[in-house]
Amino acid sequence: MVELNAWEPKIVAFLCHWCSYAGADLAGVSRIQYPPNIRIIRVPCSGAINPLYILKAFREGADGVLVSGCHPGDCHYLSGNYFARRKFFLLKELLIFAGIEEERLQFSWVSASEGQKFSQVIEQVVEGVKKIGPSKKGLKEFAFHV
Amino acid sequence: MYERALTELASKILGEVEGIIGYAPGSLPFHMRPFLCQREEDIACLSFNHFARPNLARYLLTLEMRKKRVAIVVKGCDARTVIVLLKEGQVKRENLYLIGAPCHGMVSVSKLEERFGVLSPPDFVWEADTFTWRGERFAIRDFLEDSCERCAYPNPPWYDALLGEELPKPPVLPGGRDYLGRIKALPLEKRWEFFAQEMEKCIRCYACRNSCPLCYCTECFVDQTRPSWLSQAATRNENLFFHLGRSLHMAGRCTECGACERACPLGIPIGLLPLYVEELIREHFAFEAGMNLDTPAPLLTYRENDPNEFIR
């Protein structure tokens, strides 16, 4: 029996159109199983992701965020992922500094041919987020005192 | 402090520049106010002391100032701010004349009050590194603003004229450079509790943003409605979101002048987040904001061996 009230994490996945999105497609075409907890948002490049997108995902109720782009050196736009890496590094460290669990925000490099790796990454991310439970920090709140 | 040098220099350059942005005694004791000197007879008002806290670079961004050639009195941190503004194309080099003021650190009124109770200006005699209170001698460094305790650059890295002599690098004060250490030492949940508690206090008056000379976006992300990044309501998580977003916008730009912390009416140590980002950038990207005009901003460049371990 499926337990109806069991909590399942909601994970927003920002995937690069040129690699990870195709990787997810390959995983699907190859019928590789992975947990159904992710909501995929296709972006043109990992470098196109504004850190505010990630913060907003948390605010709107995501329990976890995954950002996945091309391996270093493989960017369709030559260097988008290198710039993205610096931004993501700062964002991730800053969130950890502010007391937000590191499992909430995860990154991966997945190429278009790595359907298997994509499913593994999703499994790991979902497992990590399940371990720490629903997100409370950063969720939008209703103001009672304004 | 520096009054003579300042008046001499001011009378020399006042024709060349249309105004001198400096400090003048304010209407309150222990506070200096920003002062725009445009006439010969105003030159005598210019002064500089341990209370010249405001970062005057903020005033370079007003529309009127952008059109004029102005001189500006800068401490170490302010000069770094001006360099960031120059680098970002916000001000023109030919419109600027930097008057560097080697800074002995700014004195915190709240720390004075803590020690001496109700303050009365005649009780104090000020010198460069010490002051006397009713004949008793104290070191300035025990009463510095938090941002000055962690200061590493008392001298402007770059200037057109310098008042006085360059100072030696300040000693590392207890609690100074390791300002972040006490937070970093806490476990994750305690850090969250600390920030959650501080964010509860925030009323989102945006004084931090408005006092920051580098927060000059014409439309701040908090004011945007399409998309609407966050609500205007001052709730804990929204406040944290605002401060996280602001820190990220300051990445590689914050010159640690402490204007935001001094502006905060609730005394939230709001500099912690941008300071942590700056520390990361110093450590991992070997960059410090506002030290020169040539090094590219850390988020506008990359290296192939940047940190990669956090990515699967």
Side-chain angles (χ1 to χ4, degrees), chain A residues 46-47 50-56 58-60 66-69 71-73 79-102 105-110 117-118 120-122 124-125 128 132 135-146, chain B residues 180 183-184 186-196 199 203-204 221 224 227-245 247-249 251-252 272-274 276-281 283-285 298-312:
Chain A
S46 50
N50 184 335
L52 290 177
Y53 296 172
I54 296 168
L55 291 178
K56 188 160 166 79
F58 285 124
R59 184 177 165 263
E60 302 288 343
L66 167 71
V67 178
S68 188
H71 287 275
S79 54
N81 53 2
Y82 284 123
F83 290 107
R85 186 166 62 177
R86 286 199 158 192
K87 280 191 275 186
F88 297 156
F89 173 73
L90 294 179
L91 175 62
K92 183 159 177 120
E93 292 294 321
L94 183 64
L95 290 187
I96 295 172
F97 179 67
I100 292 169
E101 303 88 349
E102 59 175 321
L105 176 57
Q106 305 198 36
F107 299 94
S108 65
W109 302 136
V110 171
K117 182 176 176 189
F118 181 79
Q120 281 164 7
V121 165
I122 300 300
Q124 287 164 353
V125 170
I132 52 174
S135 164
K136 297 251 172 16
K137 309 169 179 176
L139 201 61
K140 71 175 163 192
E141 304 151 304
F142 293 101
F144 294 109
H145 57 278
V146 284
Chain B
L180 294 163
I183 308 292
K184 280 196 288 189
L186 297 172
L188 187 90
E189 281 308 310
K190 290 281 173 216
R191 286 204 299 272
W192 169 255
E193 272 170 36
F194 170 79
F195 280 108
M199 290 305 144
I203 55 171
R204 290 268 285 286
F221 74 100
Q224 284 174 353
S228 148
W229 299 109
L230 73 165
S231 132
Q232 307 291 319
T235 57
R236 184 194 69 193
N237 291 355
E238 307 277 351
N239 294 343
L240 181 65
F241 188 143
F242 162 58
H243 291 294
L244 289 175
S247 312
L248 289 168
H249 282 181
L272 279 171
L273 296 169
Y276 183 64
V277 174
E278 289 315 305
E279 189 186 83
L280 288 174
I281 289 177
E283 230 170 81
H284 298 277
F285 305 150
L299 293 186
L300 297 181
T301 181
Y302 63 87
R303 278 185 315 211
E304 286 183 7
N305 59 355
D306 279 335
N308 194 46
E309 304 73 41
F310 70 103
I311 302 175
R312 284 180 205 284

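Letters A, B, ... are given to chains in the order of the sequence lines, protein chains preceding strands, and every chain is numbered from 1. Model, not experiment: these values are computed from the prediction.
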Can you tell me which of B:Pro298, B:Ala251, B:Ser247 forms the most heavy-atom pairs within a distance under 4.5 Å of chain A? B:Pro298
Can you check whether B:Leu186's main-chain N or O pairs, donor with acceptor, with B:Arg191's side chain at less than 3.5 Å? yes
For chain A, the option from B:Asn237, B:Leu188, B:Leu272 that forms the most heavy-atom pairs under 4.5 Å: B:Asn237
At a 4.5 Å cut-off on heavy atoms, which part of B:Glu189 comes close to chain A: side chain, backbone, both, or neither? side chain
Partner chain A: residue of B:Val277, B:Leu240, B:Asn239 with the largest heavy-atom pair count (under 4.5 Å): B:Val277
Can you tell me which portion of B:His243 sits under 4.5 Å from chain A's heavy atoms? Options are side chain, backbone, both or neither. neither
Report yes or no: does A:Ser108 contribute a side-chain atom to a donor-acceptor pair with the main-chain N or O of A:Ser68 at less than 3.5 Å? no
A:Lys117 versus chain B, heavy atoms under 4.5 Å apart: side chain, backbone, both or neither? side chain
Considering only heavy atoms, which portion of A:Glu102 lies under 4.5 Å from any heavy atom of chain B: side chain, backbone, both, or neither? neither
So which part of B:Tyr276 gets closer than 4.5 Å to some heavy atom of chain A, the side chain, the backbone, both or neither? side chain
Contacting region of A:Lys92 [heavy-atom separation from chain B under 4.5 Å]: side chain
Do A:Tyr53 and B:Trp229 have side-chain heavy atoms sitting under 4.5 Å apart? yes
B:Pro187 versus chain A, the contacting section by heavy-atom distance below 4.5 Å: neither
Is a side-chain donor or acceptor of B:Arg204 paired with a backbone partner of B:Ala233 at a separation under 3.5 angstrom? yes
B:Phe285, part contacting chain A, at a heavy-atom distance under 4.5 Å: both
Output the option from B:Glu193, B:Lys190, B:Glu304 having the highest count of non-hydrogen pairs under 4.5 Å with chain A. B:Glu304
Check each atom of A:Phe58 against the heavy atoms of chain B and say whether the ones under 4.5 Å are side chain, backbone, both or neither. neither
Distance col, row A:Leu55:CG vs B:Phe242:CZ, nearest 0.5 angstrom, shows 13.0 Å
Check: A:Arg86 side chain, B:Asp306 main-chain N or O, donor-acceptor pair, under 3.5 Å: no
I'd like to know which of A:Phe89, A:Phe97, A:Phe107 tops the heavy-atom pair count under 4.5 Å against chain B. A:Phe97
Heavy-atom pair with the smallest gap, counting every atom of A:Pro51 and A:Lys87: CD-CD, 4.1 Å
Top contributor to chain A contacts, counting heavy-atom pairs under 4.5 Å, from B:Ile281, B:Asn308, B:Ile183: B:Asn308
Whatever's closer than 4.5 Å to a heavy atom in chain B on A:Ile100 counts as both
Against the six-membered ring of B:Tyr302, is A:Arg85 placed for a cation-pi contact (under 6.0 Å from the centre, within 45° of the normal)? no
For the student: nearest non-hydrogen atoms of B:Leu244 and A:Ala98, plus distance: CD2-CB, 4.2 Å
